[in-house]
Protein chains: 2
Amino acid sequence: MSLITESPITAADKTFFQLRKDIVKGKVLSGSKLSETELSTNYGVSRAVIREAINRLEACHLVERKANIGARVVALTPEGLVELYQVRESLEGMAARLAATNMTDEEIAGLNALLTTHFQTVKTGETYYQEAGDVDFHYRIILGSKNSHLISILIDGIYHLIRMYRVQFGMAGPRVTTAFDEHKHIVGAISNRDAELAEILMRRHILYTKNSFEKKLASNAI
Amino acid sequence: MSLITESPITAADKTFFQLRKDIVKGKVLSGSKLSETELSTNYGVSRAVIREAINRLEACHLVERKANIGARVVALTPEGLVELYQVRESLEGMAARLAATNMTDEEIAGLNALLTTHFQTVKTGETYYQEAGDVDFHYRIILGSKNSHLISILIDGIYHLIRMYRVQFGMAGPRVTTAFDEHKHIVGAISNRDAELAEILMRRHILYTKNSFEKKLASNAI
DNA sequence: AGCGCAGATATTGTCGACAAAACATTAATT
DNA sequence: AATTAATGTTTTGTCGACAATATCTGCGCT
């Protein structure tokens with residue numbers, strides 16, 4: 001189930017995507033209970049498809065289920081965010097390493113083109129960059145790893161959780177220009193087919209992002 | 001769903017565990033189709049619980065499902081094994097890094113005790129070591145990371161796939177004494193709370209294991 | 001004979017109903 | 001008054017039936 005490319009076919013698919021969207025956006029509150037009957041009336045489908053959707057959400061770590069008790073949306077905590085970024089650092093570092101050897105020259109050229117596009121956007125001072133551009137950048141490298149496990153874990157799983165934290169903790173924030181430089185260096189390493197350096201730079205990049213988030217969290221908590 | 005500690009409660013749980021066991025052991029052939037009706041008669045439960053079990057197996061990457069077509073057991077390929085070990089290297093490396101800071105002194109003492117036990121076993125020349133002992137060693141470090149995502153991805157997901165490759169490609173193999181030394185050094189780094197070194201050593205350890213598997217595969221292929 | 005189409009068959013997707021377990025409420029006892 | 005037991009309600013788990021989609025079979029056509 002490559003959740004990024006294929007279009008929704010079955011009712012369970014559509015319900016899964018809709019529910020995931022609602023959870024990420026916070027329309028369904030973090031920590032709240034997912035009542036099967038209630039959802040089934042709200043989304044206009046039978047309990048069976050709701051159950052299937054919930055099962056998939058559990059696989060993404062967006063909800064937690066207990067036998068005979070029910071499912072709850074995961075609670076967002078600063079510790080959880082840290083854990084998430086530790087995994088992300090590890091996996092995206094490996095993705096960058098693999099991308100440096102597995103991406104085609106065309107794909108690398110595309111990455112460079114994306115960078116220049118971003119540079120134009122950043123120069124004009126638009127904040128658009130972070131949300132869409134940053135995601136796109138990381139997506140390309142993840143896919144460039146050509147490792148299906150890596151791709152699945154990151155894109156089908158971790159990324160939605162990260163988006164959830166971003167949205168609900170209110171982090172569209174700064175880190176635009178510095179992040180751009182980091183991106184540039186990562187692409188440079190990949191262009192040079194320097195796998196080790198690409199991994200190191202990507203890990204540092206994600207570590208910095210985490211630190212920036214933690215600072216923001218601390219200031220919000222006051 | 002912490003699949004390692006909790007005991008099976010519902011029929012879906014039991015069916016999931018049984019099916020997973022049968023897939024890992026090769027009783028259900030790699031690449032074969034999982035017919036819902038057939039399984040439902042074989043396992044003596046309704047199609048609903050079979051579907052739930054298959055959904056969970058998909059989350060573990062043990063089966064692949066296509067809408068309106070059905071589920072197949074994943075095909076085992078040398079390339080797949082390489083991809084798996086790339087992810088494992090990345091994640092278990094991070095686990096070792098985190099374990100070095102997050103394990104309690106008692107847990108570390110337990111790790112050292114496990115090592116001496118293994119040493120006795122290895123000295124007497126028993127091959128028992130690799131299967132149970134090695135798994136136990138890695139489990140403890142993974143759990144020692146105290147990172148729930150890491151634990152879930154590795155223990156609920158990747159490890160069963162690795163066991164499947166081990167069983168079906170016939171790898172109980174050697175690498176006993178050398179692996180023991182590697183384990184010893186890893187535990188040493190963790191005992192010294194040297195996170196960076198623990199990660200490096202664990203990554204090398206897993207890389208060596210992968211290389212050993214690849215050699216074995218190549219010789220089997222002749 | 002090979003290819004394409006139409007009907008028949010089998011498989012997956014969805015639904016509503018029933019069973020079992022958890023939870024809430026009330027009553028009884030100390 | 002507090003705790004526990006019993007009962008009733010709600011929620012999840014399981015089942016069999018029906019609908020929709022895919023696969024197979026056989027016929028007709030070129």
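Computed over heavy atoms, backbone and side chain alike; hydrogens, waters and symmetry mates excluded. Letters go in sequence order (proteins before strands), and every chain restarts at 1.
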Between B:Thr37 and A:Val45, whichever has its closest DNA chain C nucleotide further toward 5' is B:Thr37
Residue whose nearest DNA chain C nucleotide is more 5′ - A:Ser46 or A:Ala67
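It is A:Ser46, whose closest nucleotide lies nearer the 5' terminus.
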Nearest whole Å is fine: how far is [N] [atom2] from [X] [atom1]?
| X | N | atom1 | atom2 | answer |
| --- | --- | --- | --- | --- |
| B:Glu36 | D:dT23 | CD | P | 14 Å |
| A:Arg65 | C:dA22 | CZ | P | 14 Å |
| A:Leu39 | D:dT10 | CG | P | 18 Å |
| B:Ile69 | C:dT12 | CD1 | C1' | 10 Å |
| A:Arg51 | C:dC15 | CZ | P | 15 Å |
| B:Ile54 | C:dG13 | CD1 | P | 9 Å |
| A:Leu34 | D:dT10 | CG | C1' | 17 Å |
| A:Arg47 | C:dA19 | CZ | P | 14 Å |

Return yes if some donor-acceptor pair links the side-chain N/O of A:Ser90 with the main-chain N/O of B:Ser90 below 3.5 Å, else return no.
yes
Among D:dT12, C:dG13, C:dT14, which nucleotide has an atom closest to any side-chain atom of A:Ala11?
C:dT14
A:Val49, nearest nucleotide to its side chain (from C:dC15, C:dA21, C:dT12):
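My answer, after comparing the listed nucleotides, is C:dC15.
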At less than 4.0 Å, is any side-chain N or O atom of B:Lys66 found next to OP1 or OP2 of D:dT21? Yes or no.
no
Short side-chain N/O contact to D:dT14 OP1/OP2 from B:Lys14, under 4.0 Å:
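No, outside the criterion.
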Salt bridge (Lys or Arg N to Asp or Glu O under 4.0 Å) assessment of B:Asp156 paired with B:Arg20:
CA-CA 11 Å; B:Asp156 296 341; B:Arg20 187 177 64 184; 5.7 Å; no
Above 12 or not: heavy atoms from other molecules or residues under 6.0 Å from NZ of B:Lys33?
yes
May I ask you to decide if the ring planes of A:His205 and A:His138 are parallel, tilted or perpendicular, using 30° and 60° as cut-offs?
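Parallel.
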Under 4.0 Å, counting only non-hydrogen atoms across every strand here, what does B:Ile50 touch: a base, just sugar-phosphate, or nothing?
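No contact at all - B:Ile50 keeps every heavy atom at 4.0 Å or more from the nucleic acid.
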Under 4.0 Å between a Lys/Arg side-chain N and an Asp/Glu carboxylate O for B:Glu52 and A:Arg51?
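Here B:Glu52 pairs with A:Arg51 in a salt bridge, since their nearest N and O are under 4.0 Å apart.
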